[in-house]
Number of protein chains: 2
Amino acid sequence: MHSDPVASRSADPKDSRESKNGGGPQLDAVSLAIIEQLQEDGRRPYAAIGKAVGLSEAAVRQRVQKLLDQGVMQIVAVTDPLTVGFRRQAMVGVNVEGDVESVADALTAMTECEYVVMTAGSFDLMVEIVCEDDDHLLEVINKRIRAVPGVRSTESFVYLKLKKQTYMWGTR
Amino acid sequence: MHSDPVASRSADPKDSRESKNGGGPQLDAVSLAIIEQLQEDGRRPYAAIGKAVGLSEAAVRQRVQKLLDQGVMQIVAVTDPLTVGFRRQAMVGVNVEGDVESVADALTAMTECEYVVMTAGSFDLMVEIVCEDDDHLLEVINKRIRAVPGVRSTESFVYLKLKKQTYMWGTR
DNA sequence: CTTCTGCTTGCGGATTTCGCAGGAGCGGGG
DNA sequence: CCCCGCTCCTGCGAAATCCGCAAGCAGAAG
């Protein structure tokens with residue numbers, strides 16, 4: 001099917017150039033190297049980073065600040081959700097009739113949706129849900145997600161065990 | 001003397017039994033609050049965190065260090081993979097015959113697998129793949145994953161657009 | 001040629017990090 | 001009961017880092 005609503009880049013009025021994915025190009029090798037350093041340790045001092053990538057401390061500071069301001073990267077603490085009290089997670093595949101992007105926006109607005117991605121394949125959207133317990137999960141999937149206009153059907157994959165979760169893009 | 005923005009540690013030591021899962025060193029309310037601070041800004045100074053959670057700078061430093069050592073949390077830079085040069089991503093559902101965990105371990109060992117989780121539902125495993133281009137993705141899915149002993153079948157969902165990616169567990 | 005952008009060096013002061021020396025609270029023996 | 005070991009917190013200097021600023025330089029673009 002070619003009428004897929006993938007053509008967001010031309011028709012979407014609020015498609016700003018700073019949008020998260022479409023436009024984040026100009027990343028040279030040095031910025032890449034800086035990001036790699038911060039992926040190993042988000043608190044590494046600027047001077048140490050500068051030594052590693054061949055830049056002065058001030059230059060690293062400026063580039064990191066710009067990367068942060070541009071939203072290209074963020075420095076945050078990440079945890080295993082189970083450890084912080086969220087016991088039920090699930091990946092939900094969603095089939096949509098009509099505009100996929102508007103449905104995606106609606107799901108993005110839900111705090112329980114940690115991860116929303118438009119996909120090709122037998123699902124139009126994949127959504128990761130993080131909840132506190134079974135009741136919470138049930139409510140989100142059956143009441144909230146399926147209530148979104150355009151959602152045709154959903155299929156749920158409840159997490160049994162998280163085996164791997166890394167943040168090492170670019171550190172290969 | 002500090003006020004008490006968060007519940008005192010004497011709340012209830014065995015708040016709720018949970019450590020059954022993949023490793024839940026009981027986290028009290030103060031550590032939770034510290035994590036929340038660092039989820040907003042991974043570089044926030046210890047003194048500022050201490051002011052927010054009602055602890056001294058040194059105490060915050062020790063607790064953060066312990067959380068890091070225990071692997072409960074990590075402070076890292078996260079980016080949109082598209083921005084750093086990985087143009088093809090996919091979620092892959094895997095069906096397994098035999099021991100699911102051994103297959104999961106094999107997939108975990110692959111650098112291209114960013115995310116591996118055992119699930120209930122029509123897939124036994126869900127795996128997120130991050131690749132540089134189409135050839136790379138094709139090779140990983142068709143040559144490497146399907147070559148793992150015990151893999152019965154796979155279904156791929158190629159990412160078209162990443163809509164949301166947050167790391168705000170506990171910050172609700 | 002001029003402008004603009006980005007990097008470097010250098011500087012000083014404010015801030016933060018870090019190690020270490022106590023001290024308080026809490027069970028478990030003797 | 002008291003002592004001991006343990007854990008966690010606090011306080012305090014010393015060292016390192018962060019941060020803003022200024023002047024000079026080089027390359028790219030107009």
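We name chains A, B, ... by the order of the sequence lines, and we start the count at 1 in each one.
The salt bridge (charged side-chain N to carboxylate O under 4.0 Å, His left out) check on B/Asp134 picks up B/Arg88, with sequence neighbours excluded. Remark: A/Glu97 pairs with A/Arg152 by the salt bridge (charged side-chain N to carboxylate O under 4.0 Å, His left out) rule, at least two apart or across chains.
Taking atom CD of residue A/Gln70 and atom C1' of nucleotide C/dG6, one finds them 14 Å apart after rounding to whole Å. In this structure, the CG atom of B/Leu27 is 13 Å from the P atom of D/dC8, given to the nearest Å. Taking atom CG of residue A/Asp28 and atom C1' of nucleotide D/dA28, one finds them 15 Å apart after rounding to whole Å. B/Gln65 places its CD atom 14 Å from the P atom of C/dC20, with the value rounded to the nearest Å. Separating the CD1 atom of B/Ile75 from the P atom of C/dT17 is a distance of 10 Å, rounded to the nearest angstrom. As a whole-Å value, the separation of A/Ile49 CD1 from D/dC19 P is 12 Å. As a whole-Å value, the separation of A/Asp41 CG from C/dT17 C1' is 13 Å.
Applying the ring-ring contact (aromatic ring centres under 6.0 Å, His included) test to residues at least two apart or on different chains, none of the pairs has a partner in residues 29-71 of chain A. Residue pairs meeting the ring-ring contact (aromatic ring centres under 6.0 Å, His included) criterion with at least one partner in residues 138-157 of chain B, sequence neighbours excluded, are A/Phe123-B/Phe157.
The pair A/Lys51-A/Glu57 does not meet the salt-bridge criterion, since no charged nitrogen lies less than 4.0 angstrom from a carboxylate oxygen. With respect to the salt-bridge test (charged N to carboxylate O, under 4.0 angstrom), the residues A/Lys164 and B/Asp105 do not qualify.
Axis angle between the ends of the helix from C/dC1-D/dG30 to C/dG30-D/dC1, five pairs each and rounded to 10 degrees, works out to 30°.
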Dump the pairs, protein N or O against N or O of nucleotides 20-24 of chain D, anything under 3.5 Å, distances to one decimal.
from	atom 1	to	atom 2	distance (Å)
D/dG20	N7	A/Arg61	NH1	2.9

**OP:** List the steps and the verdict of salt bridge (charged side-chain N to carboxylate O under 4.0 Å, His left out) for A/Arg87 and A/Glu132.
**Re:** CA-CA 5 Å; A/Arg87 299 139 187 262; A/Glu132 295 171 15; over 6 Å; no
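Within the 4.0 Å cut-off from OP1 or OP2 of C/dG6, at least one side-chain nitrogen or oxygen of A/Lys66 is found. Distances shown here put a side-chain N or O of B/Arg43 below 4.0 Å from the OP1 or OP2 atom of D/dC18.
Nearest to the side chain of B/Ala59, among D/dT10, D/dC18, D/dC8, sits D/dT10. Comparing D/dC9, C/dT8, D/dC18 by their nearest atom to the side chain of A/Tyr46 picks out D/dC18. Side-chain proximity of A/Pro45 to D/dC18, D/dC8, C/dG6: nearest is D/dC18.
Both A/Val30 and B/Arg44 lie close to DNA chain C; mapped to their nearest nucleotides by heavy-atom distance, the more 5′-ward contact belongs to A/Val30.
Residues B/Asp69 and B/Gln65 bring a donor and an acceptor atom of their side chains to less than 3.5 Å of each other.
Formation of a donor-acceptor pair under 3.5 Å by the B/Thr108 side chain with backbone atoms of B/Ala104 is found in this model.
Residue contacts for A/Gly54: at a heavy-atom cut-off of 4.0 Å it reaches the sugar-phosphate backbone alone, with no base atom in range.
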